[in-house]
Amino acid sequence: MQRLGAKLGFVSGLINQGKAEAFGKTLWRACKGHSIVTHAELEGPLEDPETGEVVKWYVFLISFWGEQIGHKVKKICDCYHCHVYPYPNTAEERREIQEGLNTRIQDLYTVLHKTEDYLRQVLCKAAESVYSRVIQVKKMKAIYHMLNMCSFDVTNKCLIAEVWCPEADLHELRLALEEGSRESGATIPSFMNTIPTKETPPTLVRTNKFTEGFQNIVDAYGVGSYREVNPALFTIITFPFLFAVMFGDLGHGFVMFLFALLLVLNEDHPRLSQSQEIMWMFFNGRYILLLMGLFSVYTGLIYNDCFSKSVNLFGSGWNVSAMYSSSHSPAEQRKMTLWNDSVIRHHRVLQLDPSVPGVFRGPYPLGIDPIWNLATNRLTFLNSFKMKMSVILGIIHMTFGVILGIFNHLHFRKKFNIYLVSIPELLFMLCIFGYLIFMIVYKWLVYSAETSRVAPSILIEFINMFLFPASDTGGLYPGQEHVQRLLLVITALSVPVLFLGKPLFLWWLHHGRSCFGVSRSGYTLVRKESEEEVSLLGSHDIEEGNNQVEDGCREVTCEEFNFGEILMTQVIHSIEYCLGCVSNTASYLRLWALSLAHAQLSDVLWAMLMRVGLRVDAAYGVLLLLPVTALFAVLTVFILLIMEGLSAFLHAIRLHCVYQITCLCIQLLRRERFLILTCMSIGWEVT
Amino acid sequence: MLGARCPGGTSAHRSICNSDSPPGLGIPRRAMTAHSFALPVIIFTTFWGLIGIAGPWFVPKGPNRGVIITMLVATAVCCYLFWLIAILAQLNPLFGPQLKNETIWYVHFLWE
C-alpha cells in the first residue's frame, strides 16, 4: 500500500436510521468494493438538530483506500446530510477524545438539570403572586380603557368625559369624584358640569340579582325607549306562568324546583359562579328556574298530572255505580240505557252518561277530575279544555299588553293617543275575541248533559259570525244575531279610526296652529327650550287638552311635519295590530300543543318503562325494577325535564314577544330634556 | 233555554236525588261525597283574594316593595284564573269518560 502511495482513510459519522441502508448501497456501488463500511446503532434516540424530531441514529465508520475514493465518499456523505466527525488515527488519541467527550456530556447534563431546577424555583415564586398580578393587570387595563374613552380638551392638559347619569345619582357622583381626588392626592381636583341637551337619553333599568334574569329575557327582544313602561316587571310572573301551563306536571315541576333551590342556596359558592357555558346559563337563570318550578307544581296540581298519574284527593265527581240499572227505579230504567254485569262483560269500553241522575256529582274542586286519567277518551275532554284555556289566557295577556300601552300614553301626556289608538285597539280586540271568551264561558255555564244534543259548536258559531249564513241553526242564545251584528259594526268603525285617527289629528293640529294666533306660534318658536316659559304660555289657554296642544305644537314646529311618514307609520302599525290579533291568538294555542306533548311523552315513558317493571311478579322482579327505575329517572331528566323544559322556555319567550309588541309603542317625536355631565380628570399632563 | 240542570251549589239536593230509590230493592247507601260548586269557589276566591288584595298591605317598605306587590297581584290573578277555567270547564259536562270494563269493575269495587 505504501508503494502505491495510497493511504488508508477513515470517515466516521452519524446517519439517520432511515437513510442508513441506502447510504450503504450507494457507497458500495460508487466505490466498487474498495471501501468497508461498518455501522452500529446508537442506543437511545437523539434529537435531530435540524428538524427537531427525535430519531434513531446509526454510527458508521468507513475505511477506504486511496484519495479518489476518499473524495467520492466525502461527497456521498455530504449528499446524505450525515454528521461527520474527525476520526483520529491512533488508539491513544481515540481514547483521549472519548474521555473528553464523556466529561463534556456529564457537564452538559449537570448544566441542564441545574437550569431546570432554577426554572422551577422561579415559577413557584411567581405562582404565589400571579393571582394578585392578574387583578392588577386587569385594573390597569380597565383604567386605560376608561381613559381611552375620554377626549382631550383644548389645552391638551385635561381629559373630558361625557357621561349620561341618572338625576338621582348626581349627588353620589359628585361625592365619588371628590373622594377620588382626595385619596389620590391630586393637586387639581376633578369636577363635573351639567349640560342641557335635546338628545334622547339611554334607557337605564335598575335590577337586582332576582330581576336581572327576567330583564335579560325581555331585553333580548328589544329594549324599551327612555321612560317607557317596562314590561319585564310583569314578565317576572307571566313568563314562569306561561311556561308552567305548557309544562304542567307536579313531579317534574318539583324536581325542577329542587334543582333551582340547590343553585340558589349555593349561589355564593365560587365554583358555581365561575362555571363554564351550560352550567353558567343554568346558574344565571336560577331564579327563573325557581319560579318556573313553583308554578309548574301548581299547574301540575290543576292538570292533575304527577309523573303522568293523577292524584285523587277529594274523591272523583263521577260515580260508576249510578250507571248500573240496579241503582234506579224501574221507571227510570226504561228511559235510559243502563248497565248490569252482563252488559259490562260483553262490552270492552263503556261510556258514562252525565244525563243519568247520580252519575255526575259535581265538579272536582281542585283541577281536573282524576277519573279522566283512567278514561280512554281522555284526550277528547282535555283537548277541548286546554284549547279554550289557551285562547282565554292568550286574549287576556294581549289585552293586558294594550292596557300597559295606555299607561305609556298617560305618562307621556299624549291623551290623544289613548282615544285614537288604544281605545280602538281595545275595541277591536274585545269585540271579536272578548266575545269569543264570552261564548266559551256561556257555553260552559249554560249547556249541560241534557242539552248536549243541541249544544252548538263554538267554532262554527264564531265563523258564522262573520259569514252571515242564510240558515240559522238556533244559535247559542236568543238575540245572538243582533248582538253579533252590533259587535261587528263597532269593530268595523274602530278600524278606520285606528288607521287614520292619529295622523289626521296631528295634521289638524299642525294646520290649526298656523291658522290661529300667529303671535302665539311665534312665541312658541322662540321660547321652545325653557319649560317655565311654555307653562306660562299654557296659562293663557283655558281649553282642556292644553298640554297635548303644546306638546303637539312643540313636536310639530321643532321639525318638519311629515304627514306622509306619520300616516305610513300608523297604517303599518294598525295593520300589524289587526292581523297580529288574529294570528297571535292562534299562536297562543301552542300552550295547548306543548302541554299535550308533555303529557303524552310522560305517559309513554311510564307505560313503556315503569309499568313493565312493576308488572313482573316473580322474585327477580325486584332486580328488574331497579335498572328500570334508573332508566326511567334518567330519561325523565333528559327528555322530559331538559328537552321539554327548553322547548317550553323557548315558546314562552315567543309568546312574550307578542305581548311586548302590543305594550311598547314607538315614540318617534319625543323630546325630553336630560343632563350630560362633564368631568375633568386630574394631573394628566401631556408633554 | 237554561236547560234542566241542577246548579251545583245544592249538594243537599243531589243527595236527595241519589237516595230516591225505594228501600225494598236493598241498594246499599252510597257515600255522600257529592261535590258542591259554591264551596270551592268561596274558598279559592277568598284565598287568592287574600293574597292578591290583602297581601300588598303587608309588604315591608324597601326598594323592592313595588316589585313584590306586582308579583303578588299577578300571581293571584294568574293562578285564580287558571283554577277558575278548570272548574268551569267541568261544571256541566256534555259527555262522560269512556272506561274499559276492567276499569269499571275496579272503580266500582274500590271507590264506591
Side-chain angles (χ1 to χ4, degrees), chain A residues 208 211 233-234 236-238 241 298-299 302 314-321 326-329 344-345 347-354 357-369 371-372 374-377 385 388-389 392 396 441 444-452 455 477-478, chain B residues 1-6 8 11 14 17-18 20-22 25 27-28 30-31 33-37 39-41 43-44 63-64 66-67 70-75 77-79 81-83 85-101 103-108 111-112:
Chain A
N208 55 22
T211 54
L233 184 61
F234 304 95
I236 297 180
I237 292 294
T238 57
F241 178 68
Y298 178 75
T299 54
I302 301 279
F314 301 99
S316 172
W318 293 85
N319 190 349
V320 165
S321 306
S326 47
S327 315
H328 295 277
S329 62
I344 296 183
R345 208 172 295 130
H347 291 86
R348 289 271 353 249
V349 270
L350 286 167
Q351 186 165 14
L352 277 85
D353 186 358
V359 172
F360 177 64
R361 294 180 305 170
Y364 191 72
L366 183 62
I368 304 284
D369 202 298
I371 200 159
W372 288 105
L374 306 170
T376 48
N377 64 344
F385 157 66
K388 292 177 180 169
M389 169 205 71
I392 293 178
I396 292 182
V441 178
W444 275 343
L445 288 177
V446 166
Y447 283 84
S448 69
E450 289 85 4
T451 46
S452 62
Y477 54 90
Chain B
M1 162 186 77
L2 280 182
R5 61 178 176 98
C6 300
S11 56
R14 278 219 184 271
C17 281
N18 287 345
D20 211 6
S21 43
L25 287 176
I27 296 120
R30 252 161 274 108
T33 53
H35 295 300
S36 69
F37 177 62
L39 188 63
V41 168
I43 293 180
F44 277 94
N64 298 322
V67 175
T70 313
M71 281 172 63
L72 280 176
V73 173
T75 310
V77 166
C78 287
C79 294
L81 187 66
F82 196 61
W83 168 83
I85 294 176
I87 199 171
L88 282 181
Q90 298 179 93
L91 190 56
N92 294 317
L94 297 178
F95 60 90
Q98 206 175 42
L99 301 171
K100 286 200 288 206
N101 51 6
T103 317
I104 295 177
W105 281 324
Y106 171 82
V107 169
H108 185 51
W111 283 3
E112 292 155 15

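Letters A, B, ... mirror the listed sequences (proteins, then strands); counts begin at 1.
B:Lys100 has its side chain within reach of A:Thr376: a pair of non-hydrogen atoms, C-beta onward, lies under 4.5 Å apart. Residues A:Leu233 and B:Val67 meet the side-chain proximity criterion, which asks for heavy atoms closer than 4.5 Å. At a threshold of 4.5 Å between non-hydrogen side-chain atoms, the residues A:Val446 and A:Thr451 do not count as touching. Counting heavy atoms from C-beta on, the side chains of A:Ser316 and A:Asp369 come closer than 4.5 Å. Side chains of B:Gln98 and A:Leu350 form no contact here, defined as non-hydrogen atoms less than 4.5 Å apart. Looking at A:Arg361 and A:Trp318, their side chains never come closer than 4.5 Å, going by heavy atoms from C-beta outward. With a 4.5 Å cut-off on side-chain heavy atoms, B:Gln90 and A:Trp444 do not count as touching.
Top candidate by heavy-atom pairs under 4.5 Å with chain B, chosen from A:Ile302, A:Asn377, A:Ile344, is A:Asn377. With chain A as partner, the option from B:Pro63, B:Cys79, B:Gly66, B:Pro40 having the largest number of non-hydrogen pairs under 4.5 angstrom is B:Cys79. Between chain A and the options B:Trp83, B:Trp105, B:Phe82, heavy-atom pairs under 4.5 Å are most frequent for B:Phe82. Among A:Ile396, A:Val349, A:Asp353, the residue with the largest count of heavy-atom pairs under 4.5 Å with chain B is A:Val349. In terms of non-hydrogen atom pairs under 4.5 Å with chain A, the most contact-rich of B:Asn64, B:Val41, B:Thr103, B:Thr70 is B:Thr70. Highest contact tally toward chain B, considering only A:Ile237, A:Asn208, A:Leu374, is held by A:Ile237 [criterion: heavy-atom pairs under 4.5 Å]. In terms of heavy-atom pairs under 4.5 Å with chain A, the best-connected choice from B:Ile43, B:Ile87, B:Val73, B:Leu39 is B:Ile87.
Relative orientation of the B:His35 and A:Tyr364 rings is perpendicular, given thresholds of 30° and 60° on the angle between their planes.
Neither the backbone nor the side chain of B:Tyr106 comes within less than 4.5 Å of any heavy atom of chain A. Of the atoms belonging to B:Ile85, heavy atoms from both backbone and side chain fall under 4.5 Å from chain A. Looking at A:Thr299, the atoms closer than 4.5 Å to chain B (heavy atoms on both sides) sit in the backbone and in the side chain alike. When heavy atoms are compared at a cutoff of 4.5 Å, B:Thr75 approaches chain A by way of both its backbone and its side chain.
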